[in-house]
Amino acid sequence: MEFSWPIEKVKEVLGESNNVDCSKPISPGSLSSKLQALVEELNIPEAKIGLASGVEAFLWLYTCIQGFKPATVIFASELPIGSGLGSSAAYCVALSGALLALSSSVKVDVSQQGWQGFEDDELTLLNNWAFEGEKIIHGRPSGIDNTVSTYGNMIKFKSGNLTRITSSLPLRMLITNTKVGRNTKALVAGVSERAKRHHDVMTSVFSAVDSISNELSEIIQSPAPNDLAVTEFEEKVGELMEMNQGLLQCMGVSHASIETVLRTTLKYKLTSKLTGAGGGGCVLTLLPTLLSANVVDKVIAELESCGFQCLIAGIGGKGVQVCFNISS
Ligand SMILES: Nc1ncnc2c1ncn2[C@@H]1O[C@H](COP(=O)(O)OP(=O)(O)O)[C@@H](O)[C@H]1O
Ligand SMILES: C[C@@](O)(CCOP(=O)(O)O)CC(=O)O
Ligand SMILES: [Mg+2]
C-alpha cells in the first residue's frame, strides 16, 4: 500500500509543539485521536484495516524521531502479519532502528558497508521507542515481543525486567501457520476480562505459567547435556510446552485449528503449543534432535493437507541491525 501526507498537514494536525527529542520515548496521549484521524482519511480498505494501527505507529515514530522532515519511506516485511510471530514488534523495532540510525542519538556509521549493530544504551532507546509503537498497535503490550526483536536470541522477561539468556543446546521448532486470522489486542483483552470474572482461578493459572517459564529458563541454561542426556533435556522442554498449552487453553486463547495441529503432531509423539496471542495464527512443535527426517516430512505433509503452512526454524537469532547499502 502507498500513502502520503503533506508535511504542512501533519504539522497542523500534530502541532509543531510536538518537540522532537528522540532521546525520550513518549506515547501520543491526547494526540491519539489526531493520529487516528490522519489515518482514517486514507480510507484503507476493510480487508486491510488491521494495518491502520501500524500506519499510526509509523506516523508517531517518524514525527517523534525525525520531526517534520520530508522523506519517502519504503517498508517491506517477510513475516506473516497477525499470525502470532510478532510481526507488529518486528515492524516497530525495524522502524525505530532505521529512524534512530538517521538521527543524532545513535552513532552508527552511515558510510560503512554491510550490517551494523547498536551499542547497549542505543538498544535500550530503540527498544523503548519500539515499545511505544507496540502500544499503539496492541493497547497494553508487555514489551516481550519488541525486546526479543531488539536483542535477539532468548530473553527471560517479567514485568519489564529482562535477562538475556542463551540455550546450552540448539532448539529446533516446526512452525505451523493455521492461517486463521486473529488480533492480539482483542485476544489480550479477552484474557483480562476472564481474569476479572475468575480472579482466583486465573491468578493460579498465571502463577503456574510463571513457574513453567522459570523451570524452562533453568533447564535451557543448565550445562550442555551429553548425547545421552539430550533426549531427557528435550523431553523436559516438551513436557513444559504441553503444560503451557493446557494453561493457555484455560485462558481461552486456543482455537479449533490449533487443536487440530496438536492432535496431528501428537500422532507422531511430538509436542506443540500455540505461540503469540493464540486464537489461530501459528503453533510451535518441538523437533527433537534424533527425530528422523522421514517423520518430519510425514508430519509436515499431514499438516499441509489440512491447509496449514509449515516451516522449520531454529530458536534464537540476531537482534536488530541496520545496513545503509543493502547490496553489500
Ligand atoms: N509490515 C507492516 N506494515 C504495517 N503494519 C504492520 C506490519 N507488520 C505488522 N504490522 C501491524 O501489526 C499488526 C499485527 O500485529 P498483531 O495483531 O500483534 O500480530 P503479530 O504481531 O502476531 O503479527 C498489523 O495489523 C499492523 O497494524
Ligand atoms: C500475547 C503476548 O504475550 C504476545 C503477543 O504476540 P503476537 O502479537 O501475537 O505475536 C502479548 C504481550 O506480551 O504483550
Ligand atoms: Mg504483535
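Bear in mind that the values here come from a model prediction, so they are computed numbers and not experimental data. As the structure lists them, so they are numbered: ligands from 1, and atoms in each ligand from 1.
For I137, every heavy-atom contact with ligand 1 shorter than 4.0 Å involves the side chain, none the backbone. Of all the heavy atoms of F58, none lies under 4.0 Å from any atom of ligand 1, so neither backbone nor side chain is involved. Neither the backbone nor the side chain of K185 comes within contact range of ligand 1; no heavy atom lies under 4.0 Å. Contacts between D145 and ligand 1, counted as non-hydrogen atom pairs separated by less than 4.0 Å, are absent for every part of the residue. Neither the backbone nor the side chain of A277 comes within contact range of ligand 1; no heavy atom lies under 4.0 Å.
For the pair G82 and ligand 1, the shortest N or O to N or O distance falls below 3.5 Å. Inclusion of S142 in the set of residues having an N or O under 3.5 Å from an N or O of ligand 2 is warranted. In terms of polar-atom proximity, defined here as any N/O pair under 3.5 Å, N183 makes no such contact with ligand 1.
For the pair E134 and ligand 2, no heavy-atom separation below 4.0 Å is found.
Ring geometry, Y91 versus F75: the interplanar angle exceeds 60°, so the pair is classed perpendicular (tilted spans 30 to 60°).
Among the atoms of S88, an N, O or S atom falls under 2.8 Å of the Mg ion (ligand 3).
Relative to atom 1 (N) of ligand 1, the option among A94, S77, P80 with the closest non-hydrogen atom is S77.
Salt bridge annotation for K196-E193: present, with a cationic side-chain nitrogen under 4.0 angstrom from a carboxylate oxygen.
Taking the N/O/S atoms of H138 in turn, the shortest distance to the Mg ion (ligand 3) belongs to NE2.
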